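Since the structure comes first, as structure tokens, the remarks are kept for the end.
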Amino acid sequence: MSRIHEALKKAEEERAAGQGTAQSPVSSVPAMESAVLPEVAAARVPDSALAAPIMPNFSSPFSVEAMLARCPQLEWKPDLGTMLFMNGDDTKRGTEEFRTLRSRVYHTREKMTLKKVLITSALPKEGKSFTSSNLAQVLVRQHGRRVLLIDADLRGPRLHLMLGTAPGPGLSDYLQGKNDEFSIMQRGPMDNLFFIPSGTGIEDPAELVGNGKLKVLLQRVESLFDWIIVDSPPAIPVSDASVLAKACDGVLMVVRSNATPSDVARKAREEFPDQALVGVVLNGTSDEAIPYARYYYEAYEKRETTTV
């Protein structure tokens, strides 16, 4: 222990001598960590390793300017059949229903904290990714609103296909510590709409989703956006949605008419606390020949359901 103490003391004296009497800015790394002990001196990283890629700087300043500078703008090629607000036709079937949905989530926001919204469904193929992407688009259509859309379905990601863009780098890369927040964001043709794709495919999505880093990500970028829309896996087959919901303010659940069994829908609802579930989007209630023809929103207030 005396050798360690002496080494630390010597390192501190050398550091002080090199700085003179002038005061230096506070460092994010404690001075003790810069000391090299005799016992571990031989364990220095060899010079050849200096050519390895530098890990991202996760302490970069968080500002709109920094985000715009670091977030790449890509040429998206969206599926205009499902991306209702990217084809220039504001009268397209379904657009008015999404404006109504937007009004209802703003109405809910008056009663509770609601910025980070998780979109899920009971089962696959009920329209949750379609709802997530179009809700993000209609929200950003309001003047000055900035929206972040996140594909947190690491098992069956769809948003990058709908938007016609690259799947990564994305959320899985951030959760593994490979990328920082801004390097996984994309910008496309719509002003103020930012997108984080699912990222590189992984073998253990449940473990990665549950490591707590998504909550850190949301906390770090929350101040830069008016809304954050998170698309998650379906709630019944896997546990990801209930885990992701803990990092969000509220949950919207998508149910497909004449397709989702009522007992399955009720079971999916039980995956979330009553106060977390802010509403249900009922998808495909008529004209089944045209996918996603009509969309309704049901708001839960004191366990009573009101239909718009």
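All residue numbers refer to positions in the sequence shown, counting from 1. Everything numeric in this text was worked out from a predicted model, so none of it was measured.
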Practice prompt. Answer whether the closest heavy-atom distance between the side chains of Ile229 and Ile150 falls below 4.5 Å.
Written response: no
Q.
Within the structure provided, determine whether Arg187 and Leu68 are in side-chain contact (heavy-atom separation under 4.5 Å).
A. yes
Output field: ring centroids Phe130/Phe98 closer than 6.0 Å | yes
Exercise. Heavy-atom distance under 4.5 Å between the side chains of Arg70 and Ser183, does that happen here?
Worked result: yes
Hey, are the side chains of Lys111 and His107 touching, using non-hydrogen atoms and a 4.5 Å cut-off? yes
Residues pairing under salt bridge (Lys or Arg N to Asp or Glu O under 4.0 Å) where one sits in residues 241-254, two or more places apart or in two chains, turn out to be Lys116-Asp249
When you compare the side chains of Thr200 and Ser172, does any donor N or O come within less than 3.5 Å of an acceptor on the partner? no
Item checked: Carboxylate-amine/guanidinium proximity below 4.0 Å for Glu96 and Arg99 -> yes
- Validation row: Met86, Asp79 side chains within 4.5 angstrom (heavy atoms): no
So do Val140 and Arg146 actually touch side chain to side chain, heavy atoms under 4.5 Å? no
Quick check: do Tyr106 and Trp227 have side-chain heavy atoms less than 4.5 Å from each other? yes
Quiz item: Can you find a pair of side-chain heavy atoms, one from Leu135 and one from Ile119, that are under 4.5 Å apart?
Solution: yes
Residue pairs passing the salt bridge (Lys or Arg N to Asp or Glu O under 4.0 Å) test with at least one member in residues 151-177, sequence neighbours excluded, are Lys128-Asp153, Arg155-Asp240
Just by distance, no angles: are the side chains of Asp231 and Ser129 close enough, under 3.5 Å, to form a donor-acceptor pair? yes
